[in-house]
Enquirer: 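After the structure tokens below, expect a handful of questions from me.
In the text below, chain A, chain B and the rest are named by the order of the sequence lines, each starting its count at 1.
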There are 2 protein chains.
Amino acid sequence: MSAGATTPGRVTIRDVAGAAQVSTATVSKVLNHRPDVGPVVRQRVLDTIDRLGYRPSATARSLRVRRSDTIAIITDDLEGIFTSAMMRGVDDAASAFDVSVFLCNSYGDPERERGHLLRLLDKQVDGVIFMSGNRVRRRSAPAVALGDVPHIFLYEYSDDEATPCVLPDDEQGARLAVDHLLAAGARRIGFINGPIGWDASHDRLRGYQQTLRQQTVPVDPALTVFADSWNPEEGYRIATDLMALPSPPDALFCASDDLATGALAALHDLGRAIPEDVSVVGFDDRPLAVHQHPPLTSVALPLTTMGRIAGEMLLAAGRDEPVVPGVHRVPCTLQIRQSTAKAGSN
Amino acid sequence: MSAGATTPGRVTIRDVAGAAQVSTATVSKVLNHRPDVGPVVRQRVLDTIDRLGYRPSATARSLRVRRSDTIAIITDDLEGIFTSAMMRGVDDAASAFDVSVFLCNSYGDPERERGHLLRLLDKQVDGVIFMSGNRVRRRSAPAVALGDVPHIFLYEYSDDEATPCVLPDDEQGARLAVDHLLAAGARRIGFINGPIGWDASHDRLRGYQQTLRQQTVPVDPALTVFADSWNPEEGYRIATDLMALPSPPDALFCASDDLATGALAALHDLGRAIPEDVSVVGFDDRPLAVHQHPPLTSVALPLTTMGRIAGEMLLAAGRDEPVVPGVHRVPCTLQIRQSTAKAGSN
DNA sequence: TTGAAAGCGGTACCAC
DNA sequence: GTGGTACCGCTTTCAA
């Protein structure tokens, strides 16, 4: 048998040092890619390390260097429809840097958030992402003062302008949709907007109106309706109303895929052909969009990208790289499917 | 100013000891609710602790006691439709014990799983949950030998019978559905089953057949169809076929909500009234079920409960409590909505 | 280039 | 009941 760990449990840096005939200091230097180790000694240490299957204890290291190579996500809604895509983005960024991610669910309750935060601080997390699982809204400050622990808001924001926040570019997303509909020949675009209480609704309305004006298409206020909820039922109701107008729309821009599915159902019931009679575009590009009849063109929220950016910013902050405070808007993209007519096909 | 930490950074156990005129050993005992501390000293220590706002370093503690009060979830699909509900269950269980949860996404890639596991082991995790984000399937052994770190399979399983796994009781779920349909007066229940490659499909078929036999209702093989996928398109196709039978079904039991939505669409297109002409029940009880027309009765997977149970079992194992190996089936529940006729209303 | 040794912040054994 | 102190496993001066 080769010389190995004589200690019971895990093999430690001391075992390696012993077996390689060097001090623990030297092993540590090799581990951390320090230049001040002779090539032959370094190689001997390296060999010993994998002969013994040595793995440094992250815990011991954390205690020393006061970093844990760990970040955390605190979300108010773990089951929110947008949660997992953003989490994946964060996870991707973290994994790329060998950083682990804690997941915490606060249920939107400051007391729970506080509990999680304290525990995270005790565990030396290197950063925290506060993430909303649903539509963007302002939130209050973190339930615990974070001191010098970097943190970022993801899909939500607060009064504190100093801490960065990452949001989708709703206005630009709306422009994408309207541009596409105009190019497809639409001239009267009905806008089934989200409820009036949400920031996204206002941003998207701005994008909608600007694009029309820019293309010198008249903006008819009767064509814009704020829904009472983001649900299909509202989409159905509003689409029905809009199509009953004396001069009905030839396209519908819906602020969510759910609203759009309701609108599709309404158009079916009215016997309108999609996209021949009226084109429909949704917003969010959730998986259900592809299963509609016809498959739904939709503005995709850049959720995974947002998560990745938030993760990268946080990790950069941890490495003392400069971090830009304020709002970071990530552009949406358009997923074109069969619910909208092809360009020039009016 | 009160006597406080004189050291720069965080306040440590030594600061508390100094300020309270006791040894660090005593502070530690108070922290850990050891009985061998006098009441007056204990109180003095307690007071000092919150006067100084002292919080013990979890990292230092972990190093000593070789526990991190941390568990991990490794999933093959962070964005799977069932992922977040199970995660929430795990999170609830963990939070109740002041344990934090690492979230890792392997993308189903053993190499990534390996990377995550090594990192987790380095960080002294107290346990690992391997979780599938989609339908239950057999998986290979963990990509790294876990030694004495407890682990559990959640919504997946492996050959290794020694490690516990937590699964939904698909057979019982099917019985629930069929019982309900029979009670509602159905006599010819079409079964739009999942694809044949999935365990759930076979378990549910067994439940379906057993219930019929038990109630002495004839089992017509022509009424059971394995779908090619879990998607609505398949549900539409198969429902159409079934309704074209010489003696068509008076109820449809669908193995997923997606299949059920397809079936609903088919029935609409055929002009059949739901539930008057035919009752429909889905499986999974996803949020979309409630938005169908009519709202869909569905067998609910006990996802959050499963997550909670897995979390609790894992934590129990960490505290050396007995853990039952083998398969743990968690019962499904039935969400009754308007797509099925009321009992006795045939 | 290499190593001895002093911590990081707790815990727990053992003596008093 | 209370305290002294040797660790847990690693990093980091600083001297040789």
Side-chain angles (χ1 to χ4, degrees), chain A residues 5-46 48-49 52-70 119 121-126, chain B residues 5-46 48-49 52-70 119 121-126:
Chain A
T6 54
T7 41
R10 197 184 170 109
V11 20
T12 76
I13 199 173
R14 251 176 285 268
D15 297 320
V16 175
Q21 316 264 41
V22 295
S23 72
T24 62
T26 301
V27 178
S28 175
K29 286 170 185 165
V30 171
L31 249 28
N32 295 290
H33 307 100
R34 285 284 198 312
D36 56 345
V37 184
V40 23
V41 174
R42 152 167 284 124
Q43 194 52 52
R44 196 166 75 236
V45 170
L46 253 16
T48 311
I49 283 176
L52 301 188
Y54 167 67
R55 297 231 96 214
S57 155
T59 310
R61 176 164 214 283
S62 293
L63 180 57
R64 244 336 282 232
V65 306
R66 323 174 107 71
R67 277 202 302 97
S68 57
D69 291 316
T70 291
R119 207 154 49 205
L121 259 17
D122 293 347
K123 289 187 176 157
Q124 300 261 24
V125 287
D126 302 337
Chain B
T6 54
T7 41
R10 200 183 167 107
V11 20
T12 78
I13 199 175
R14 255 174 279 270
D15 298 320
V16 176
Q21 316 265 41
V22 296
S23 73
T24 63
T26 301
V27 178
S28 176
K29 285 170 186 165
V30 171
L31 249 27
N32 295 291
H33 308 100
R34 286 283 198 312
D36 57 343
V37 184
V40 23
V41 173
R42 151 168 284 123
Q43 194 51 53
R44 196 164 76 234
V45 170
L46 253 17
T48 311
I49 284 176
L52 301 188
Y54 167 68
R55 298 232 94 213
S57 155
T59 310
R61 176 163 214 284
S62 294
L63 179 57
R64 216 17 252 230
V65 305
R66 324 172 106 72
R67 277 201 305 96
S68 57
D69 291 317
T70 291
R119 210 178 316 146
L121 260 17
D122 294 347
K123 290 187 175 157
Q124 300 259 25
V125 286
D126 302 336

Enquirer: Would you mind reading off the distance between B/H33 atom NE2 and C/dT11 atom P, rounded to a whole angstrom?
Expert: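 So the two atoms are 12 Å apart, to the nearest Å.
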Enquirer: In whole angstrom, what separates A/R66's CZ from D/dC10's P?
Expert: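 So the two atoms are 18 Å apart, to the nearest Å.
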Enquirer: Quick check: on DNA chain D, is the nucleotide nearest B/S23 upstream (toward 5') of the one nearest B/Q124, or the reverse? Name the residue that is more 5'.
Expert: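 The residue mapped nearer the 5' terminus is B/S23.
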Enquirer: In whole angstrom, what separates A/K29's NZ from C/dG3's P?
Expert: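 My rounded result for the distance is 8 Å.
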Enquirer: Taking the nucleotide of DNA chain D with the closest heavy atom to each, which residue, A/A60 or B/P39, is nearer the 5' end?
Expert: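 In this pair, the answer is B/P39.
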Enquirer: By nearest heavy atom, map A/P35 and A/T24 onto DNA chain C; which one lands nearer the 5' end?
Expert: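 It is A/P35 whose nearest nucleotide is closer to the 5' end.
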Enquirer: Round to the nearest Å and state the distance from A/Q43 atom CD to C/dT1 atom P.
Expert: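 After rounding, the reported distance stands at 17 Å.
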Enquirer: Side-chain N or O of A/T12 less than 4.0 angstrom from OP1 or OP2 on D/dG9?
Expert: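 For D/dG9, neither OP1 nor OP2 has a side-chain N or O of A/T12 closer than 4.0 Å.
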Enquirer: Is there a donor and acceptor pair closer than 3.5 Å between the side chain of A/R64 and the base of C/dG7?
Expert: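 In this structure, the two groups form a donor-acceptor pair.
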Enquirer: Side-chain N or O of B/T26 versus OP1/OP2 of D/dG3: is the shortest distance under 4.0 Å?
Expert: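 Indeed, a polar side-chain atom of B/T26 lies that close.
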Enquirer: For A/R61 and D/dT12, give me the distance from atom CZ to atom C1', rounded to whole Å.
Expert: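 To the nearest whole Å, that distance equals 12 Å.
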Enquirer: Starting at CG of A/D69 and ending at P of D/dC10, how long is that distance when rounded to a whole Å?
Expert: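 A/D69 atom CG is separated from D/dC10 atom P by 15 Å.
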Enquirer: In whole angstroms, how far is the P atom of C/dG10 from the CZ atom of B/R10?
Expert: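 After rounding, the reported distance stands at 7 Å.
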